[in-house]
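Before anything else, here's the structure in question.
Numbered from 1 within each chain, the chains take letters A, B, ... in sequence-line order. What's counted below: heavy atoms across the whole structure, side chains too, no hydrogens, waters or symmetry copies.
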Amino acid sequence: MMFDATRAGQCRSQLDEIVIDTPRYQELVTKLNILMAHAEARHDEPKRCVLLVGPSQSGKSTMIKSFAKSLNTADALARHEIPVLHVTLMANITRKQAMKNILSAFEKYGYEDVSKDGDEAELTIRVCKYLRTGRIKLLVLDEFHHVVHSESNKIAHSVGEAIKWLLIEGACPILMAGTVEAQKPFASNKQLAKRAEPPIVLAPLDLKNPNDHEVYLKFLSRFVIQVERTGWAINARTLFMPEYAGPIHQASGGVLGDACNLIKAAIQNAAGEGRDSVGISDLAKANDGMISLGLCSENYFHKMAHTAEA
Amino acid sequence: MTSVLPRPLFVPVAPYRGEQLISLVARAAKENEVSRLAKVLAHAGILTAAPGFCAFTRQDRNQSLAALLSVSVDEISSRFHSRVGGSNQYVSYFGVVLPRDFIEAKFRRVSPERLRAAPYDPMEWAIRPLSYCPETMQILIFECPHCERKLDWLYTKGPTKCQRCGHSLLDVDPEYAPAVLHSDLRFIASLVSFDANVRARALAKLPSPFSDWTSGQVFSGLIELCILTICAEVKVETKTLCSWRSGDFSFASPLRLVHALNVMRYWSSEFPRVVSDIAKIGSSGERKNSILIALKPLLKFTRSNVPETPLGELIREQLPSVIRMQGIPLKHYTKSKVLNVPRYDAVTTNEAIKLFGIAGSALSRLHKSSKTLVAAQGLQKGLTLYDAERLSYSIAQIRKSVGHHAVARILGIPACFVGTLADRGLINRISDADALLMTQAKESFDRESVHALCVKLEESRVNLPNAGIPIDSGLNERREEALVWAEIIASVIDGRLQIRGYNDSKRGFAKRALVRQADLDYIVRKIPKTSVEERSVSAIIAAQVLRWSDERVSQAAREGLIAGSKIGNDFSIPLAAIRSFRDRYVLPNEIAVLVGCRIRQVSSLMRKMRIPAVATVFHCSIYSRDQALAAFKNF
């Protein structure tokens, strides 16, 4: 049977929409609410920031988008407000580039992109002005580890200084999200660190840790139920069974995002082949995909697949 | 291909009523922390290096600009300055049609006090002739008080700051217009208000014809009157005048504007005063006789190649009469048609020739008469103006007149008798002096009356053979002869004398008509005879008496040296006049006899004797008898 790429794409798209509320998300929301409440009480006084770190695909951007979506209601946008401004920093970031990225983010909300007008000082002042005028409650700088990857340490330090300046100006609190490397600017810039809350770390889940184990299982159960509801995998619940949950955890390295990607890839493969149920062979194939991307070193489903065939 | 509208700027601005477009753009730029206005305009698709001019040139981008600034299209469109009349000369500035030069686009002028109250640039600040703010009455500043650079629209740091150095513009304390002028200055500014009702109310307060003009026309006229009032006070160099009319409004001080407004308000009395003062100022100096110099500031309105404005039309219409009433001498010919024609039906020489088909020589003879000329006083050379109505009448009189000889030909009588017929009332004389001057005739007669007389004489024809009218009737005077002829004709017309027949081989009534000898004798007896003292002789007889040539006698009679009247080609000189001439003057031939020299030596002798000639007639000098005899007494 021919592989139906369209069906596979649609399947993957619907699966990507699934967002699962986890204790980690609740923790993030709590800390952000604290930041925003503090900022609101302080008016024009300096604000604080917080760092959200975690390996890639640990769900940082997903949680941020979910949070932004909950606050950026149609009413707020109609009032010319953007409560949460989500900015994705580009690679090789400089101070000017950082400001441009922030200004470009306003275009998503239907405003003219004025990031190309003016020098660094003007852009910085403009960012501050826009943050105040838009009554932005939270500025999210995603991919913050790109600051570390700037051309020189000096540039990286200056970006950190620019962020610090924004906080001092009291525009709005800032959430910085990135990989573990994103902690380096805080380590090197004590003044920035003093303006930061304790970071939110999304470490890979360790099943030996009872708490992590509970989190993992809860997440997985809710995820597979949501998957079933989409109709692309009517037997998605079977993935919650220990014989599947364990290899999934092993293949994803405890990173929830990777686990979800593994499951999604398997269901996508099944959808492409015209099936509405996912099997062990799909999981094995998905694991092979992760190995080819260097995300995993071993295929934990081949043995199961061979056993099933036998 | 439809253009894509830009997205709005994140920080919107609300336009103020009466705010300039560039001010709106500048505020939007400042609110969005964009320092260069050109960058903001570029988002709307307006690529320009001179943002201040965008209101003139980029009206096609009103929708883009409206979308960018988050205002309605009407708000933007009303702030554009569209061309009026298809040319660049006039623009519609917030509903007021003004010359393009009146609008300042490049630089910025501000009133700090008003900026403090409302941080925007109102439209009045961009009207260059208004050097003050109509609300605060502050004199507008156009330079930064700190860095002294001109305020412009290239950059912005906010409406209250210098766009270059960033210092506040509110710290300065500029001058104010004099308090006594405030109400008039507000009135002047209301003429160019963006509110149509305000403009209409202001116009209604002006006298006619200004109240019928548009507010822009009144304002433009006011500015032009400023120039004229200055020219009425001081002599203004041509270069300065040109620069004022080309966009340099440094002359338009508040005081000057109010002065011009008063001229407008009391136009009927003020305009003649202004013209008179301009002429006086212009007449002083080296070239005092030139009208072009004297009235130079006003002559701009008289040139046909200058576009007409209502003020220009008004001045063009009234200037000639004012010049005449003021008695301003027109000493040099000017090509200005306004000053020549039409000037209350005045025509120049060339125009009279074309209009009436009359010879220039005939017109030039009119110089001797002051009745037909419009302005004769002070005329020296060049310009001659004629009253068209009067001239037309005189020419009509000429065309219906006949001279002595024509009448004589028609009636068949000697020409010298024609005047007597007019004395008897048988024919009418033309009494118009100008007509006589133009034809160089002493007398002219109405053609119609001559023809009517002729018709009556023809009607009385009776075909009977009889004796003709003898020429030698024994009369001593030609005058007596003329009276006889007049009596004959009158009697024939009245029916008291019958023509007995006609000799058809002769021409003219007198030569053909035949009357009875008895009738003729009767008429001759009736005519009073001239006494010896009253007798006149012809020029030939007079020449024989004076021992002079008859041509010189005729010329002397013509020049008035001898009293005599011209009858036809001859002169009738009374004997008393001859006697009088001989008593007063002495001729060279008489001096030659007296002194005993030749006639040709008389003139040099008289020169040596220091005796001047009283007159010269055909190269013959006449001397005073008393003077000559006194000189030669001892000779």
Run the side chain to side chain donor-acceptor pair (under 3.5 Å) check on A/Glu122 and B/Ser35 step by step: do they pass? CA-CA 8 Å; A/Glu122 272 186 30; B/Ser35 62; 2.4 Å; yes
Contacting moiety of A/Tyr130, where chain B heavy atoms sit under 4.5 Å: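 It is both, since atoms from each part get that close.
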side-chain contact (heavy atoms from CB on, under 4.5 Å) partners for A/Thr6, two or more places apart: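 A/Thr6 satisfies side-chain contact (heavy atoms from CB on, under 4.5 Å) with A/Asp4, A/Gln10 only.
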Residues A/Arg126 and B/Asn32: side-chain donor-acceptor under 3.5 angstrom: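 Judged by distance alone, the side chains do not pair up.
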Could you go step by step and tell me if B/Glu135 and B/Arg186 meet the salt bridge (Lys or Arg N to Asp or Glu O under 4.0 Å) rule? CA-CA 8 Å; B/Glu135 271 205 25; B/Arg186 283 203 179 89; over 6 Å; no
For chain A, which residues of residues 115-126 of chain B have heavy atoms nearer than 4.5 angstrom: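 Expected list: none.
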Distance under 6.0 Å and angle within 45° of the ring axis: does B/Arg100 meet both against B/Phe56?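 Cation-pi check for B/Arg100 and B/Phe56: passes.
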Please classify the contact of A/Asp119 with chain B as side chain, backbone, both or neither, using a heavy-atom distance under 4.5 Å.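 Answer is neither: A/Asp119 stays 4.5 Å or more from chain B.
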I'd like to know which of A/Asp117, A/Thr133, A/Ile125, A/Leu123 tops the heavy-atom pair count under 4.5 Å against chain B.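 Of A/Asp117, A/Thr133, A/Ile125, A/Leu123, A/Asp117 has the most heavy-atom pairs under 4.5 Å with chain B.
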Quick check on A/Ile82 against chain B: is it the side chain, the backbone, both or neither that has a heavy atom closer than 4.5 Å?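 It is the side chain, since no backbone atom gets that close.
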Have a look at A/Glu197 and tell me which of A/Lys47, A/Lys31, A/Arg48 forms a salt bridge (Lys or Arg N to Asp or Glu O under 4.0 Å) with it.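 Between A/Glu197 and the candidates, salt bridge (Lys or Arg N to Asp or Glu O under 4.0 Å) is satisfied uniquely by A/Arg48.
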Check: A/His86 ring centre within less than 6.0 Å of A/Tyr109 ring centre: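 When the ring centroids of A/His86 and A/Tyr109 are compared, they turn out to be at least 6.0 Å apart.
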Ignoring hydrogens and geometry beyond distance, is a side-chain donor-acceptor pair present between B/Tyr93 and B/Gln20 at under 3.5 Å?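 No, B/Gln20 and B/Tyr93 have no side-chain donor paired with an acceptor closer than 3.5 Å.
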